[in-house]
Amino acid sequence: MSQTLAIIKPDAVGSGKAGKILAHLEDVGFTVKALRLTTLSREQAGAFYAVHEGRPFYDELVHFMMSGPVIPMVLEADDAVARLRETIGATDPAEAAEGTVRKLYAESKGRNAIHASDSDENAAQEIAFFFSRHERLGL
Ligand code: CMP
């Protein structure tokens, strides 16, 4: 078993899709190990996406991610990082496979419903960004 981080983004929380997305993730076999609803400050959103700083979409991304509540969560499964990325689909919903979370619920490349870590190393960092050791491991 391994863990990854997902964030249900402000577009999906605001349009009342969070419950459906969470059910979808559980239905495909993920176990929720930690979860909260929070609204990110500019500093938090900027720090979380610091890897994209300088890219043309960075300011819009930060602004969007602080525009309303988000739901970060730790998900556990075999090969969690790869399985979650497969489950959510391509960044742009127009390119996402049928049945993926983004195909079903995302509005656009920017407002794309959900974030998922892209490597085990980034998953560990992103999980630690939101959750204490006690929250994610129950220890
Ligand atoms: P996410 O998986 O959260 O990681 C970075 C986010 O930047 C991505 O999803 C998109 O929502 C957002 N984004 C906006 N524009 C672009 C773009 N042109 N290329 C890649 N990501 C983009």
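Counting convention: from 1, in listed order, for ligands and their atoms alike.
Neither the backbone nor the side chain of R55 comes within contact range of ligand 1; no heavy atom lies under 4.0 Å.
At distances below 3.5 Å, at least one donor-acceptor pair connects side-chain atoms of S2 with backbone N or O atoms of A80. The main-chain N or O of F57 is never found under 3.5 Å from a side-chain atom of E60 such that the two would form a donor-acceptor pair. At distances below 3.5 Å, not a single donor-acceptor pair connects side-chain atoms of R42 with backbone N or O atoms of M66.
Considering backbone and side-chain N/O atoms, R102 comes within less than 3.5 Å of an N/O atom of ligand 1.
For the ligand labelled ligand 1, residue E60 lies outside the 4.0 Å heavy-atom shell.
Atoms of ligand 1 found under 4.0 Å from any heavy atom of L61, numbered from 1 in the order shown, are 6 (C), 7 (O), 12 (C). For ligand 1, the atoms sitting less than 4.0 Å from at least one non-hydrogen atom of G110 are 11 (O), 14 (C), numbered in the order shown with element in parentheses.
Looking only at protein heavy atoms, the nearest one to atom 5 (C) of ligand 1 is H52 NE2, 3.5 Å. With hydrogens left out, the protein atom closest to atom 11 (O) of ligand 1 is K109 O, 2.9 Å, a heavy atom.
Of all heavy-atom pairs spanning A123 and Q3, the tightest one is CB-O, 3.8 Å. Pairing each heavy atom of M65 with each of V70, the nearest pair is O-CG1, 4.0 Å.
Taking only non-hydrogen atoms, the option from Y49, F57, Y58, F64 nearest to atom 15 (N) of ligand 1 is F57.
No side-chain heavy atom of D11 sits less than 4.5 Å from a side-chain heavy atom of K17.
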